[in-house]
Structure formats: C-alpha cells, structure tokens
Protein chains: 2
Amino acid sequence: MSARVTAAEVARAAGVSRSAVSRTFTPGSSVSTSTRNRIEAVAARLGYRPNALARTLITRRSRIIGVVMAAIDNPFHAQLLQCLDAALQARGLAMLLRGAARPEMTDELIHHLLSYQVDGVIVASGLFSSSAAKACVGVATPVVMLDRLMRAAGASAVGSDNRAGARMAAEHLVALGRRRIAFMSGTPGISTSSERAHGFLDGLAEAGLAPIAIASGRYEYAAGQGAAEALLAHAPDAIFCENDLMAMAVLDVARARGVRVPDDLAVIGFDDIPAAALPAYALTTVAQDARAMADAAAALLEERIEKPARRASRRLIACTLVRRRSA
Amino acid sequence: MSARVTAAEVARAAGVSRSAVSRTFTPGSSVSTSTRNRIEAVAARLGYRPNALARTLITRRSRIIGVVMAAIDNPFHAQLLQCLDAALQARGLAMLLRGAARPEMTDELIHHLLSYQVDGVIVASGLFSSSAAKACVGVATPVVMLDRLMRAAGASAVGSDNRAGARMAAEHLVALGRRRIAFMSGTPGISTSSERAHGFLDGLAEAGLAPIAIASGRYEYAAGQGAAEALLAHAPDAIFCENDLMAMAVLDVARARGVRVPDDLAVIGFDDIPAAALPAYALTTVAQDARAMADAAAALLEERIEKPARRASRRLIACTLVRRRSA
DNA sequence: GTGAAAGCGCTAACAC
DNA sequence: GTGTTAGCGCTTTCAC
C-alpha cells in the first residue's frame, strides 16, 4: 500500500500534464485559476506534496541550511539554536543540524553537510579550518560563522561585540571602586575568548590597572570551580568571567568560603543565560542578544545565497550590561 | 567557477564509466581493487562527493530523520537533543530539525519534513494529531514519539517510566515522614504530565494520603513561581514538582519567605537537569536518562525503517531518584 | 568486473 | 495557458 504519490499521478487524475501540476506548486508560474483549482483539489485528495529533493536536483536550491553547533547543552547555545530555528523557519528554510562533540570534527561534518547540497552553512562551533573553507568555496556554498570568527577567509561572520562588552564589564568594576581584579577566561584559541580578554584588559588598562590573576575555566561550570579556587587564593575584590556558567561557579565557591558578594567580591559574567537571573545568583552580566545574532546570521546567509557574487561581510551585535546584585 | 563536480566528470577523468564511480561509493558493490583505487584517487583530487539527494531519488532512502522538538531552550530538551544528535550521527543519519513554538504547529511541521523525504520522524513536542499520523502512515514513514505518547495509533514511543518515577518521589516523601504534601503539575493534556500525576497520586494513596493542594506551573520557572505561592499558602511540609525548573522556583520562593528546606519543606523535582546539582539548589529529583531515551528512539526508528512490516512498539526507560539536600 | 541504458520525481525551456 | 521534451546526478538491472 501507500506508495508516495507523484506529480504524474496527480496529472493523470486531473486530466492535465505534469507541467501543469508543477506550475501549480511553483509560486509565480502561469496557470489558469480553473486548472489550478482542479489540480489543487486532486492533489489534496491524493495527499500529494512535491518531492523537495527531486526539485532540488533541477533548481539547484535545496532550501536546506546546514548548522554545526558545539555543546548544544550549554544554555546560551540552546537559546541560539532556538532563535536560529525561528529565523530559518521564518525564511522557509530547513535546518540540517550536526552537533560537534569535538572541535576538530567540524571539518568532517561540513563535508557531510555539503553532500546534502545545503544552500549554506552556519558554523557555531570550534575551529573552521582552511580545508573546510576551501570545500565550501569549491562548491560555492556560503558560510557564516556565528559567535566564532574564522581563520580562513571567505566566510561571513556574525558575533557579539565581545570587545566592547567585556570593556563595559571592566569599566563597571572600576567605577565600583574595585582594584584587585581577577579574570577567568574561556577556551583558549577561540576567537570569542580572545576578544573578550582584549576588551577587558583594555578597559582595565584605561584605568591604569591590570588583572591580579588569570585562570581558564573552559566555559564550563565544573572547570570554573577549579579556576575560581585558584583566583580566590589571590584575594581579589572582583572577578570577571567570560561566561555565566563560570561566574556561577565563582559565586558558589565564594559562598562556600564565606566570601560575601558583592561586598567582598564583585562578580560579572557574560551571556545572560536564564539561570543568571535566578535569585540564588542574581548575576550581573554582559548580555548577548541571541535573537539578533540568529536573525543576522540567517539574513547574511540568505543574502549571499541570493547574490553569490557578494563578498563575505560581518555583523557585530551590541551587548548590554545587565546589572543585578553580584556587582 | 567551481560547479559541483559530478560522477560523470570523475568517470571521464579516470577513464571509466559512471557505473564504476557509483559502485566505488556504494558499499558492497563489486569493483576491482585497482579501478576502485584509481577512481578514489581521481575523486579526491577533484573533490568529488556523491550527491546524497540524487542518490535518495533512486534508492528511496534519504538517511535523513526529521525531528520536531518543543522548547529547545528547556535544559532537559537541550540535553535530549544533544543525545539525539549523537545517536543519529552514530548511525550515519542526518537530522532535519524543526522547533515547534506552539504545539498546534506540529502537524504542519510534519508535512514539511515529509516533503524532504525523511526516512523517519521523531516527535518530542506537543500533540501529534491523527491527521499528521495519517500523513506519515500514508507515505509509510515511521514515527517515534519521544517523551510524549500519541493519541493516534501507529507510532512507536519512547519515554521515561514517569509513573514509577513519580511514585518513587511519593514514597520517598512518605518515608521522610511528610504528611502535608502538595503537588505542582506541568502542562495539562501532555501525556507525560498525567503519567507523573497518576504515579505520584498512587504512591501517596498507598500510604493513605492525598495531596493537600495542587497547582500547575506549566513546566516553566516563571509560571512555577506563581504556582509555588499558591501551594505555600497551604503550609505543606513537602512539594513534588513535575520538573526541576518548577522545583527551583519553589525553592526560591520558599527561601524568600524564610521557609527552611528541607526542615520545614521537602522539595522533589523531575528530570535532573544540570542546574539541579548546583549547590544553591541541591535538588532531590527523579532523574531521566536522556542518553538512553535518545538511543532507544534512534534504535526503534531504525528498526522500523529497515523492516517496515514491523509493528509500532514502545520502550520505557527507568528513572532513578537522585538524593540531594532538598528532600 | 564493467559499461550501456533506463529511470527516480521534478522543473524549465520551447513550441503551440 | 498548456503540453512536450530534455535533462538534474545518481543507482541499478542487464548484457557482456
């Protein structure tokens, strides 16, 4: 039973040609209203839907976007993914998702996506090697790096203004009168991380300050606890963390040690994940606008899909400082 | 520049027929080692990869699985999605993801996925209407409901043993000597919710008890706060919540009111999301095994894809009570 | 083991 | 406006 119904069957049942059926389902094609109605009626009765894959073969447009994302369980990434889904759906694009457990996997994943003839790729994960970039350029598939800058040229990029955001954090701490300021970095080698580091260091330098201690928490809560211990040993009066998960770890470790926040220690995070607003944390943080980032990524990609000649461009999304009790 | 390279070009460059190229990339086809080597070398040089979509047209297998998921930003859903990604990748399957902002959307989403010739569908969202079910059956596409039972027949299902899990929560509270027990439910109409409710009520009934108050928190933190206020007005000595997000809301509201946990109030959640383990919450909860759920869903789906004759089946994954400080 | 030929379901010229 | 024709890139009988 139940073979997939094809345009030919609809055509036969409606007494028209295949082309008529095709045109009925192709926006902007010329069909008379009467035949269109008849065809639509028959199609509905038979449960016909055009085969998107067969269509891709001839139109050379799959309307599928490949998305590579790391650590989907990171709350900010999950938000980003959700916004991305909304942005793509709004444009009638489908999302082929591949999580990247390890950053080195990104390459292989890209190649796999390419075999599905994706119209574009959004990379929100790890490193994007020049070999992967070359593969995309080779098949003229636009790429946009989301929340990650790339090493190889040719890809568009969308990210938060990490530099300005981190600088705001620094300025806020300085304005609070803090002087013994420590810094918890994310994953070394990720552009996002170095941007935040630079912005923060610049902000401190402007006030004639420098961090009294630095440690990496790899953007995770667990690693952040260890890093927090290390930093707290230097008796700082403030700590800026490159994301909220690590800042929450600092808050928890400080609480366990009887360090009072914000009196003894001011803490600032980055992202503004939902958990940052919990009363148990009330974390002051540099908020990223996930919605705007996702929209911009989808828009940039669509633009380059429409006009392949267009050069890769870059969009920076502004961050805002959200003040809560921790600083 | 850079048109997509096809099998025909590889064939020409290697001095063989298209069929030879095809066989080289089709596992289990007979090609002599020497020609295979020559073809692979040429393919690598030219950057050839078979067009997965064109292949689908003839094999009638896309190796794409459609996934419909609600509230990706819910931490447990994000975990589930990550595990699903891993399970599908391990089987060489691609994931076409569609978030469902509203449960009623599920139908339309399914139809859209179907036009991409997905080999199967995993639904972890909202309601699955009989019309959508019919559409899937019509094109012989297997469906598995994940963490959601369905109304129409024909779909396989994977879920936690919500009944037993909730019952364990009830038994634990009773064993703790609690008698004034309240209950916060999730979203009415979702099977998961009614299963947990039944299990919990059964567990209490066994000890001759019944909830002193019931309120719905719609599985969200914000709604959970309101529900917590309502329940706390009844001065319960324990509250069981249908998920962790709501239990965290209870903890926060209780803390704000000076209610001591667990002395005055024991709290138990459901899911065991990462945040439940945070020292600020230390939430006792009924853990769901996201990994096992995702694996089972992928396995069930693959099984039905291979043997379409097979009847829909159902897998229940065991829950475990994770004891922390809140109960 | 290898090539020739047919066709998966669809759209896009091209005539009429 | 509508039908006819020719592929999109691939796999798969079928001969050899």
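In what follows, chains are A, B, ... by sequence order, proteins preceding strands, each numbered from 1. If you're wondering where the values come from, they're calculated on a predicted model, not measured in any experiment.
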Using a heavy-atom cut-off of under 4.0 Å over every strand shown, decide if B/Val16 touches base, sugar-phosphate, or nothing. sugar-phosphate
Atom CD1 of B/Ile39 and atom P of C/dG3 are separated, to the nearest Å, by 8 Å
Winner on side-chain proximity to B/Arg55, out of C/dG1, D/dC10, D/dT4, is D/dC10
Between P on C/dG7 and CG on A/Asn51, what's the gap in Å once rounded to a whole number? 19 Å
When rounded to the nearest 0.5 angstrom, what distance separates CG in B/Leu113 from CD in B/Glu108? 9.5 Å
Nearest-0.5 Å distance that lies between atom CG in B/Leu84 and atom CG in B/Leu93: 10.5 Å
Tell me the closest heavy-atom pair linking B/Ala13 and B/Leu46, and the distance in Å. CB-CD2, 4.2 Å
Between CZ of B/Arg49 and C1' of D/dG9 the distance, given in whole Å, is 16 Å
Could you check whether A/Ser62 and A/Gln117, counting side-chain N and O atoms only, form a donor-acceptor pair closer than 3.5 Å? no
Taking only N and O in the side chain of A/Tyr116, is any of them less than 4.0 Å away from OP1 or OP2 of D/dG9? no
Taking side chain as C-beta onward, heavy atoms only, is A/Arg38 less than 4.5 Å from A/Thr35? yes
N/O (side chain, B/Ser32) to phosphate O (OP1/OP2, C/dT2) under 4.0 Å: yes
Between its two end axes (five pairs each) the helix from C/dG1-D/dC16 to C/dC16-D/dG1 turns, nearest 10 degrees, through 30°
Only one of A/Val118, A/Val67, A/Ile64 forms a side chain to side chain contact (heavy atoms under 4.5 Å, CB included) with A/Met95, so which one is it? A/Val67
Sorted by chain and number, sequence neighbours left out, ring-ring contact (aromatic ring centres under 6.0 Å, His included) with A/Tyr219 holds for none
Nearest whole angstrom, please: distance from the P of D/dT11 to the CG of B/Leu53. 12 Å
B/Arg61 atom CZ is separated from D/dT12 atom P, nearest whole Å, by 12 Å
Residue pair B/Ser156 / B/Arg304, side-chain heavy-atom distance below 4.5 Å: yes
Return the value, rounded to whole Å, for the distance between atom CG of B/Leu57 and atom C1' of D/dC8. 9 Å
Mind checking if A/Tyr48 touches a base, just sugar-phosphate, or nothing, with heavy atoms under 4.0 Å? sugar-phosphate
Are a donor atom and an acceptor atom from the side chains of B/Asn162 and B/Thr192 found within less than 3.5 Å of each other? no
Checking side-chain polar atoms at under 3.5 Å, does A/His111 have a donor or acceptor matched by the opposite partner on B/Arg49? no
Check whether any side-chain nitrogen or oxygen of B/Arg60 sits under 4.0 Å from OP1 or OP2 of C/dG9, and answer yes or no. yes
Separation of C/dT11 P from A/Arg63 CZ (nearest whole Å): 13 Å
Does A/Thr35 have a side-chain nitrogen or oxygen under 4.0 Å from the phosphate oxygens OP1 or OP2 of D/dT2? yes
A/Arg36 vs B/Ala7, nearer the 5' end of DNA chain D by closest nucleotide: A/Arg36
What pairs of nitrogen or oxygen atoms, one from the protein and one from nucleotides 12-16 of chain C, lie under 3.5 Å apart?
| residue | atom | partner | partner atom | Å |
| --- | --- | --- | --- | --- |
| C/dA12 | N6 | A/Ser19 | OG | 3.4 |

